[in-house]
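Notes follow the structure.
Index from 1, following the sequence. Basis for what follows: all heavy atoms, side chains included, without hydrogens, waters or symmetry-related copies.
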Amino acid sequence: MKKNILVKITILFIIFVSFGMSAFFYPVLPDKMASHWNIKGEIDGYLSKTWALFLMPAISLILFLFFILIPRIDPLRENIEKFIKYYYGFIIVLILFLYYIYYITLILNIGFKFNIIQLLIPAFAGLFYYLGILTENLKRNWFIGIRTPWTLSSDNVWLKTHKTGGKLYKTCGAITLLGISFPDFAIFLVILPIILFSLGLIVFSYFEYKKEEKKSKRRKK
């Protein structure tokens, strides 16, 4: 319990540092701030200073509150308690990921020059890798994980799907890192593996469930 409180305080500290940075740098930043980049790392979108500075910290705070709520309202919250340390670990990783995006956006608008895509690659790789750690430790619940009709209907299918998913998401992290060496394909190395593996896991859960059905029918005979 004490560890959970410490984690929550740490997350709130990161979020309020973001708000503090927004207020501190507000006077020196342009009225229109770069907020979006194309696949080559070129600026192709802007936001007003207020939105650009305060939107990401606000999103982080909302996400944090939502994640804290989930274990309280899930009917299977006893299962969530079994992987709660990985769950809170993921919240920290996600908030740090958002803070990192916010930070590099801020320093770019201050005047520093760099390829934002290449700076984002390690952050995405770390996020995907920890997603793999979380996934392989998940127990059946209604909010977190690969929730298909088949994983939610069988603990065994849930377990197999998430153990496989954990390995695949860790692989996503490794594939994403290749974008550092192949910057022209970086965005595809970030997006395509996570989409394809996630879709593949949905199919995987279906076939695992069908195997379970066949085994059950054989036992009845």
For Y130 and Y86, I'd like to know if the aromatic rings sit close, meaning centre-to-centre distance below 6.0 Å. no

Only counting residues at least two apart or in another chain, list the ones meeting side chain to side chain donor-acceptor pair (under 3.5 Å) with E81.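 If we apply the side chain to side chain donor-acceptor pair (under 3.5 Å) test to E81, skipping adjacent residues, there are no hits.
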
Which residues satisfy the side chain to side chain donor-acceptor pair (under 3.5 Å) test with K82, sequence neighbours excluded?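 In terms of side chain to side chain donor-acceptor pair (under 3.5 Å), with neighbours along the sequence ignored, K82 is linked to N79.
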
Nearest non-hydrogen partners of [X] and [Y], listed with the distance:
{"X": "N109", "Y": "A34", "value": "OD1-N, 2.7 Å"}
{"X": "A125", "Y": "G173", "value": "CB-O, 3.3 Å"}
{"X": "G179", "Y": "L189", "value": "N-CD1, 3.6 Å"}
{"X": "P71", "Y": "F67", "value": "CD-O, 3.1 Å"}

If we only count heavy atoms from C-beta on, is the [X] to [Y] side-chain gap below 4.5 Å?
{"X": "Y169", "Y": "S198", "answer": "yes"}
{"X": "Y129", "Y": "T176", "answer": "no"}
{"X": "F182", "Y": "F188", "answer": "no"}
{"X": "L98", "Y": "Y102", "answer": "no"}
{"X": "M21", "Y": "Y99", "answer": "yes"}
{"X": "I104", "Y": "L120", "answer": "yes"}
{"X": "Y87", "Y": "L138", "answer": "no"}
{"X": "L192", "Y": "I187", "answer": "no"}

Side-chain donor/acceptor of [X] to backbone N/O of [Y], under 3.5 Å:
{"X": "S205", "Y": "I202", "answer": "yes"}
{"X": "K163", "Y": "E136", "answer": "yes"}
{"X": "Y209", "Y": "P149", "answer": "no"}
{"X": "H162", "Y": "I146", "answer": "yes"}

Spacing of [atom1] belonging to [X] relative to [atom2] belonging to [Y], to within rounding of 0.5 Å:
{"X": "L76", "Y": "W142", "atom1": "CG", "atom2": "CH2", "answer": "7.0 Å"}
{"X": "I11", "Y": "Y88", "atom1": "CD1", "atom2": "OH", "answer": "8.0 Å"}
{"X": "I59", "Y": "I95", "atom1": "CD1", "atom2": "CD1", "answer": "10.5 Å"}
{"X": "N141", "Y": "R77", "atom1": "CG", "atom2": "CZ", "answer": "12.5 Å"}
{"X": "L63", "Y": "I91", "atom1": "CG", "atom2": "CD1", "answer": "9.5 Å"}
{"X": "W158", "Y": "R147", "atom1": "CH2", "atom2": "CZ", "answer": "7.0 Å"}

Side chains of T151 and T161: any donor to acceptor distance under 3.5 Å?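 Their side chains do not contain a donor-acceptor pair, so the 3.5 Å distance test is not met.
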
Side-chain heavy atoms under 4.5 angstrom apart, residues restricted to Ile, Leu, Val, Met, Phe, Trp, Tyr: same cluster for V203 and L159?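 The answer is no; the residues belong to distinct hydrophobic clusters.
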
State whether the number of non-hydrogen atoms from other residues, nucleotides or ligands found under 6.0 Å of [X] atom [atom1] is greater than 12.
{"X": "W37", "atom1": "CH2", "answer": "yes"}
{"X": "Y206", "atom1": "OH", "answer": "no"}
{"X": "F185", "atom1": "CZ", "answer": "no"}
{"X": "E78", "atom1": "CD", "answer": "no"}

Which residue pairs pass the salt bridge (Lys or Arg N to Asp or Glu O under 4.0 Å) test with at least one member in residues 44-67, sequence neighbours excluded?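 Passing the test, one end in residues 44-67: D31-K49.
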
Go through the steps for Y103 and S18 under the test side chain to side chain donor-acceptor pair (under 3.5 Å), then give the verdict. CA-CA 8 Å; Y103 178 76; S18 299; over 6 Å; no

One pair to check against side chain to side chain contact (heavy atoms under 4.5 Å, CB included): Y26 and L29. What are the steps and the verdict? CA-CA 6 Å; Y26 191 89; L29 287 164; over 6 Å; no

Passing option when E213 is tested against K215, K210, K211 for salt bridge (Lys or Arg N to Asp or Glu O under 4.0 Å):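 Per the salt bridge (Lys or Arg N to Asp or Glu O under 4.0 Å) rule, the option paired with E213 is K210, out of K215, K210, K211.
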
